[in-house]
Each structure stands twice: as C-alpha cells, then as structure tokens.
2 protein chains.
Amino acid sequence: MMELTRKGEYAIRGIVYLAGKPLDKVCLLSDIAAAVDVPPTFLAKIFQQFSKIGLVRSFRGTGGGFMLGRAPENITLLEVVEAVEGPIIPNRCVCAPQDCDRSSFCNVHPIWKQVQEQVCGVLTGVTLKDLSDGKIKPQPTDLAK
Amino acid sequence: MMELTRKGEYAIRGIVYLAGKPLDKVCLLSDIAAAVDVPPTFLAKIFQQFSKIGLVRSFRGTGGGFMLGRAPENITLLEVVEAVEGPIIPNRCVCAPQDCDRSSFCNVHPIWKQVQEQVCGVLTGVTLKDLSDGKIKPQPTDLAK
DNA sequence: CCTAAAAGGATACATAATGTCTTTTTAGGG
DNA sequence: CCCTAAAAAGACATTATGTATCCTTTTAGG
C-alpha cells in the first residue's frame, strides 16, 4: 500500500536532477534521462505534464530542452509528487465524505484524515533544493521522539 | 497515491463489524457482508486470508461463520491494513536500499522512511475496539499542533 | 447421509501502470 | 527558405493489479 509508482520515482529523479543545475541552464531531455536512468520517452511525458503546470519550463527546437520552472527552494516534494501521482488520498472518503454516511465503520474517516495530514506534512517540509543539496532537514516529528 | 483499495476498505468494514459483536458470537459471512454492504464472495476471500493469520477465526459447516481472532483492543488498524494490502511501503527503496545506490536522487530515501513511520504510527495508534466504539483516540501528533 | 457453511481454485473483466512509436509543432542556423 | 534539432501530442501495446464471480471441495451438525 501507499507505493510510489515508477512514474513518480522517475519524476522525482528527473526534477531533482534539474534542481541541481543552474537555474538558467537548459538541459536536453536525452541527457537528463541518461543521467538519472529513466526511459527517455517516459520522462518526456512526465515533463510535458510538469511543463503545463509550470514546475519546469520547456524550449522547443534546436538548442531546446528543460529547466526548472522556479527556484528549487520554492518547490516542495509534495508538489512534485501530487503533480505526477495526483492528490494524497489514503481513502476515497477523505475527499468524498458523502460516501461515508454509514454508521459504524466510518469511524475510520478521521484516521485517514490524520494519515493524509502526516504524509503531506512530511512532503511539504522538503524542497527540491534540500534534495539536490543532499541536506535533508530533520522533520519536527523526528525531534519529538 | 497512497489509496486504500476496495479490498482494504471492505476488510476494515468487515472486521470492525466483527469487533462490535461479542467475542464468542459466530457471525455468518452472508450476514456480515449484507450488514457492511460488501460483495459476499469478495469478503469471503478476505476473511480466508485473515483466518490464516489468526485475525479472525472461522468455523465450517452448519452453524459455522466467523468471529474475531483476538480481543478487539489488541488488534491495531495497521495490522488489518497490512494483512490485506501488504506492508506500508511508500517507495521500493525503503525496503531494498540496494536499489538506491545512485548518487544524488536517493537523498529522498530518508523522506520515504519518515513517511512510512508517520503512517504506521497513526495506524498503530488505533485499535478495532476504538473503531467499533466510535471513540477515536487523538494522536500525539494532533496534540502537538 | 443430507444440508449448511467456509476453503480453495479457476476464471473473467476493467482499470491502471509502464512504456513505445509516429506525427506534428516549434525554433535556430545556414 | 529550407534543414535539422528538439519538444508536444496522440495513438497504441503490453503487462500487472484490482475487483470481483463461479464452481468444486472440504468440514461439520443434525
């Protein structure tokens, strides 16, 4: 359960690679794909999605390629993951409570809500800069224990 | 991402129903399925799995049926979820770090580990008794904020 | 032995994941 | 103005997973 897909894994690899480059450097898709070991055609699809929502910027034609859409310290891992996997929804009822109007067993609802919040919390706390720097910030929840 | 399957949803419904019955009461599969609105044949498969690992006990033949395998306060939601969905693994690399020996992008590894711990933490904090009682205990993480 | 009930196995269908291929558009450079 | 490089877009193929259903077998009570 809760498993990131290949697509998600590839997306993170690719965009973290971009985050490690200068903001104005245009990178060839084929170079990125080779560097992070992802099928180029697949990565193309992912970056097309990212381009539409501004996570990356793309340039066509000769000398074209991709660069990060914004400064890496302003892009959270949550944003990347949700862009490629859709929203973090442990159970349908979290977003559609009307499906949950059964009596007893929908006591579970608040639990899924908690799970969702925890996960989003962790992923929000990490930026692409953190990841490309190799400096992962400890989460508050770690300090707690 | 992270979505519980129907099977998982059905499993929880079914076993929470059992948790609400007296420990020695044998319930007909068909009754359970009808009560929690789950396809009986599907629930049968789920409870067969549960029976093998002792989460529920089954009785065959006339007067047969299912009951909870242990006291509901000793069964956590995590146990139920993992029994039916498999282990909580946000990314393969969490359980197989050898796949993660790439340089930069596996900085993400500790993040997935954190996610895993957070989710398991929440699900461990809830028992079937809590769920069948309708009394969901607030998590430590809630108090923190 | 007859019937009720779960166990086990095989099967069917739909959807999502994981790619690939081809064609089209865009842009730079001679 | 063409030629070439590169991404965009769309169609397609393959597999795996999810979501069941059905049928036969085993077990147990009466």
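Worth knowing before you read on, the calculation uses all heavy atoms, side chains too, and leaves out hydrogens, waters and symmetry mates.
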Side chain of B:Leu28, heavy atoms from C-beta onward: which of D:dA20, D:dA5, C:dA6 has the nearest atom to it? C:dA6
How far does CZ of A:Phe66 sit from CG of A:Leu43, to the nearest 0.5 angstrom? 7.5 Å
Would you mind reading off the distance between B:Met1 atom CE and C:dA17 atom P, rounded to a whole angstrom? 12 Å
Strictly by modelled atom types, are B:Gln118 and B:Lys113 linked by a side-chain donor-acceptor pair under 3.5 Å? no
Starting at CE of A:Met1, measure out to CE of B:Met2 and round the result to the nearest 0.5 Å. 6.5 Å
Measure distances between side-chain N and O atoms of B:Arg6 and base N and O atoms of D:dT19, and say whether any donor-acceptor pair falls under 3.5 Å. no
Quickly work out the B:Met2 CE to C:dA17 P distance and round it to whole Å. 14 Å
Once you round it to whole Å, what is the distance between P of C:dA17 and CD of A:Glu85? 7 Å
Take atom CG of B:Leu29 and atom P of D:dA28, then tell me their distance rounded to the nearest Å. 18 Å
Please confirm whether the shortest side-chain N or O distance from B:Thr41 to OP1 or OP2 of D:dC22 is below 4.0 Å. no
Taking the minimum atom-to-atom distance to the side chain of B:Phe42, which one of D:dT19, C:dA6, C:dA27 wins? D:dT19
Under 3.5 Å donor-acceptor pair, A:Lys7 side-chain atoms to C:dG19 base atoms: no
Measure CD/A:Glu3 against P/C:dA16 and give the value in whole Å, please. 18 Å
When you check the side-chain N and O atoms of A:Asn91 and B:Glu9, is any donor under 3.5 Å from an acceptor? yes
Taking any heavy-atom pair under 4.0 Å as a contact, classify A:Phe47: base, sugar-phosphate, or nothing. nothing
Atom-pair distance (CG on A:Leu43; P on D:dA7), nearest Å: 10 Å
Ignoring backbone atoms, establish whether B:Tyr10 has a side-chain N or O less than 4.0 Å from OP1 or OP2 of D:dT19. no
Under 4.5 Å between side-chain heavy atoms, counting indirect links through other Ile/Leu/Val/Met/Phe/Trp/Tyr residues: same cluster for A:Ile15 and A:Leu28 or not? no
Test for a donor-acceptor pair under 3.5 Å between the base of C:dG8 and the side chain of B:Lys52, counting only N and O atoms. no
Nearest-Å distance, CD1 (B:Ile46) to C1' (D:dG18)? 12 Å
Are OP1 or OP2 of C:dA7 and a side-chain N or O of B:Ser58 less than 4.0 angstrom apart? yes
Against the side chain of A:Phe66, the closest entry in D:dA8, D:dT21, D:dA5 is D:dA8
Rounded to whole Å, how long is the line connecting atom CZ of B:Arg57 with atom P of C:dA7? 13 Å
Base, sugar-phosphate, or nothing for B:Ser30, non-hydrogen atoms under 4.0 angstrom? nothing
Paired with D:dG30 by Watson-Crick or G-U wobble geometry, both distances under 3.5 Å: which nucleotide is it? C:dC1
Taking 4.0 Å as the cut-off, does a side-chain nitrogen or oxygen of B:Thr5 come that near to OP1 or OP2 on D:dT19? yes
Value rounded to 0.5 Å, distance of CD in B:Glu117 from CD1 in B:Ile88: 13.0 Å
Mapping A:Arg60 and A:Pro40 onto DNA chain C by nearest heavy atom, which one lands closer to the 5' end? A:Pro40
Go through the N and O atoms of the side chain of B:Lys45 and the base of C:dG8, and report whether any donor-acceptor pair is under 3.5 Å. yes
